[in-house]
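As structure tokens, the structure follows; a few thoughts come after it.
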Amino acid sequence: MELGITGKRALVCASSKGLGLGCARALAGEGVHLVMNARGAAALEEAAEAIRAEFGVEVVTVAADITSEEGRADVLAAAGEVDILVTNAGGPPPGLWSDWEREDFIAALDANMLTPIALMKALMPGMIARGWGRVVNITSGSVKAPIALLGLSNAARAGLTGFVAGTSRQVAGKGVIVNNLLPGIHDTDRAAALDGGVARAEGISPEAARSKREATIPAGRYGTAAEFGAACAFLCSQHAGFIVGQNLVLDGGAINATL
Ligand code: NAP
């Protein structure tokens, strides 16, 4: 299927590895020029160079913490006008509901709710003025089915989801389409870290921890960053113009729900 976005420009945040990289690669595969971001410059440059070589698109890189005001300012200055925005950042740390203080919630809200909102506020006016735009926020399956140890994530991402629900309907008539992608477990560094934690806690190998988790997923495996990126590229395509404010769960069927 021709996605109709060749020659567009996309800002993909937190994209040197994992799901963000999957989205960047899928967009590049459609001929979209990229602005890529991550904190670590070396991995970011490596990922960008591989994309330039493989897909022949322009890639601008900005090594910065997207959750900080200064980092965002650097990224936005380098990005200029973009047609497509993919928001992403690391998730908040796990813990127990009774451990978290106000500062912990503020940090989670800053990273996983207010950062994507600030990016949308900065970039959607240009998209509206040009009559076309796409925004995909990478959130989490925990928005739909809470993960007890990730209470900070459950809370912050639910806040973003509420904002998107209203805002997406305010901008759709101007040609700007905003949706969220909700990953379940995917084969990334974060998944490996989670499996490592389970392995240590249960005294089993990381491979055994992974097999145990895979057995809970109807698809019987972890998702891949490439599959995730393909879904993102579709939501950024010309064909997604009637998909407004939706929350697409990509979890191999792990959340057992009818809707
Ligand atoms: P990952 O493999 O650890 O990759 C994270 C990427 O984001 C890296 O490129 C990292 O580079 C960058 N990054 C992290 N914090 C950043 C920041 N503050 N500013 C700029 N770049 C930043 O993680 P992932 O698995 O792709 O996860 C992406 C998001 O999806 C996270 O919010 C995660 O909680 C969520 N999620 C993932 C899964 C899963 O199974 N993978 C499931 C549910 C939700 P640097 O470290 O160099 O900055």
Side-chain angles (χ1 to χ4, degrees), residues 11-26 34-48 50-51 61-76 78-79 86-94 107-108 110-116 118-119 136-147 149-158 160-161 180-198 209-210 213-214 216-217 219 221-229 231-232 247-252 254-255:
L11 166 57
V12 186
C13 302
S15 57
S16 66
K17 297 179 186 167
L19 303 181
L21 178 57
C23 295
R25 288 181 55 80
L34 298 175
V35 181
M36 292 174 67
N37 151 259
R39 291 164 303 180
L44 179 62
E45 273 315 317
E46 196 181 318
I51 287 177
T61 57
V62 190
D65 183 343
I66 197 68
T67 67
S68 75
E69 217 167 309
E70 315 75 61
R72 265 195 311 279
D74 288 350
V75 171
L76 288 168
V86 180
T87 75
N88 186 29
D110 262 340
N112 297 107
M113 176 183 172
L114 299 177
T115 289
L119 291 164
V136 172
N137 299 294
I138 300 180
T139 66
S140 171
S142 70
V143 171
K144 196 170 167 77
I147 301 170
L149 286 176
L150 293 179
L152 292 173
S153 170
N154 299 338
R157 296 186 199 275
L160 172 63
T161 306
N180 303 319
L181 278 179
L182 282 57
I185 193 80
H186 281 70
D187 209 349
T188 67
D189 286 358
R190 181 164 167 92
L194 291 173
D195 287 342
V198 170
R210 179 175 175 139
R213 192 194 288 259
E214 282 175 338
T216 68
I217 303 169
R221 63 175 178 87
Y222 288 7
T224 68
E227 289 171 312
F228 191 88
C232 176
N247 291 282
L248 178 60
V249 179
L250 298 176
D251 71 345
I255 296 174

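These values consider heavy atoms only, across backbone and side chains, with no hydrogens, waters or symmetry-generated copies. Numbering of ligands and ligand atoms starts at 1, following listing order.
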Query raised in the report: Can you tell me if N154 uses its side chain to pair, donor with acceptor, with the backbone of I147 under 3.5 Å?
Result: yes
Query raised in the report: Would you say P183 contacts ligand 1, with heavy atoms under 4.0 Å as the rule?
Result: yes
Report task. Taking only heavy atoms of R157 into account, list the atoms of ligand 1 that are under 4.0 Å away from them. Result -> 31 (C), 32 (O), 33 (C), 34 (O), 35 (C)
Query raised in the report: Among the heavy atoms of A43, does any lie under 4.0 Å from an atom of ligand 1?
Result: no
Requested in this report: State whether the side chain of N37 and the backbone N or O of V62 hold a donor-acceptor pair below 3.5 Å, judged by distance alone.
Outcome: yes
Query raised in the report: What distance separates I138 CD1 from C232 SG, expressed to the nearest 0.5 Å?
Result: 6.0 Å
**Report entry** ligand 1 to G141 polar contact by distance, N or O atoms, under 3.5 Å
**Finding:** no
Requested in this report: Find all atoms of ligand 1 within a distance of less than 4.0 Å from any non-hydrogen atom belonging to L19, and give their numbers and elements.
Outcome: 26 (O), 30 (O), 37 (C)
Query raised in the report: Is there a donor in the side chain of T87 and an acceptor in the side chain of N137, or the other way round, less than 3.5 Å apart?
Result: yes
Query raised in the report: For atom 9 (O) of ligand 1, what is the nearest protein heavy atom, given as residue, atom name and distance?
Result: S16 OG, 2.7 Å
**Report entry** Short N or O distance, G20 and ligand 1, threshold 3.5 Å exclusive
**Finding:** no
Requested in this report: Show which atoms of ligand 1 fall inside a sub-4.0 Å distance from at least one heavy-atom site of A64.
Outcome: 19 (N), 20 (C)
Requested in this report: Check whether any N or O atom of H186, backbone or side chain, sits under 3.5 Å from an N or O atom of ligand 1, and answer yes or no.
Outcome: yes
Query raised in the report: Under the 4.0 Å line, does any protein heavy atom show up next to atom 5 (C) of ligand 1?
Result: no
Requested in this report: Could you list which atoms of ligand 1 come closer than 4.0 Å to a heavy atom of G91?
Outcome: 31 (C), 32 (O), 34 (O)
Query raised in the report: By number and element, which atoms of ligand 1 are closer than 4.0 Å to a non-hydrogen atom of D189?
Result: 2 (O)
Requested in this report: Please could you name the atoms of ligand 1 that G184 approaches to less than 4.0 Å, counting only its heavy atoms?
Outcome: 38 (C), 39 (C), 40 (O), 42 (C)
Report task. May I ask you to say whether E227 pairs ionically with R25, meaning some side-chain N is under 4.0 Å from a carboxylate O? Result -> no
Query - Shortest protein contact, atom 18 (N) of ligand 1 (heavy atom only) - result: D65 OD1, 2.8 Å
Report task. Scan side-chain atoms only and decide if R72 and T115 contain a donor-acceptor pair under the 3.5 Å cut-off. Result -> yes
Query raised in the report: Would you say A191 and ligand 1 have an N/O pair spaced under 3.5 Å apart?
Result: no
Query raised in the report: Do R210 and D187 sit within salt-bridge range, that is, some charged N less than 4.0 Å from a carboxylate O?
Result: yes
Report task. Could you tell me which atoms of ligand 1, counted from 1 in the order shown, lie closer than 4.0 angstrom to a heavy atom of A89? Result -> 29 (C), 31 (C), 32 (O)
Query raised in the report: Under a 4.0 Å heavy-atom limit, does N88 contact ligand 1 with its side chain, its backbone, both, or neither?
Result: side chain
Report summary line: A student checking ligand 1 against S140 at a 4.0 Å heavy-atom cut-off should list atoms 43 (C), 44 (C)
**Report entry** Donor-acceptor pair between Y222 and D251 side chains, under 3.5 angstrom
**Finding:** no
**Report entry** Heavy atom of the protein closest to atom 7 (O) of ligand 1 (residue, atom name, distance)
**Finding:** A14 CB, 3.2 Å
Requested in this report: To the nearest 0.5 angstrom, please state how far the CG atom of L194 sits from the CZ atom of R213.
Outcome: 5.5 Å
Requested in this report: Find out whether N180 and V143 are in side-chain contact, i.e. whether some heavy atom of one side chain is under 4.5 Å from a heavy atom of the other.
Outcome: no
Requested in this report: Output yes when a side-chain donor or acceptor of D65 lies under 3.5 Å from a complementary backbone atom of G71, and no otherwise.
Outcome: no
Query raised in the report: Any N/O of T188 closer than 3.5 Å to an N/O of ligand 1?
Result: yes
Report summary line: Taken to the nearest 0.5 Å, the spacing of E69 CD from L114 CG works out to 10.5 Å
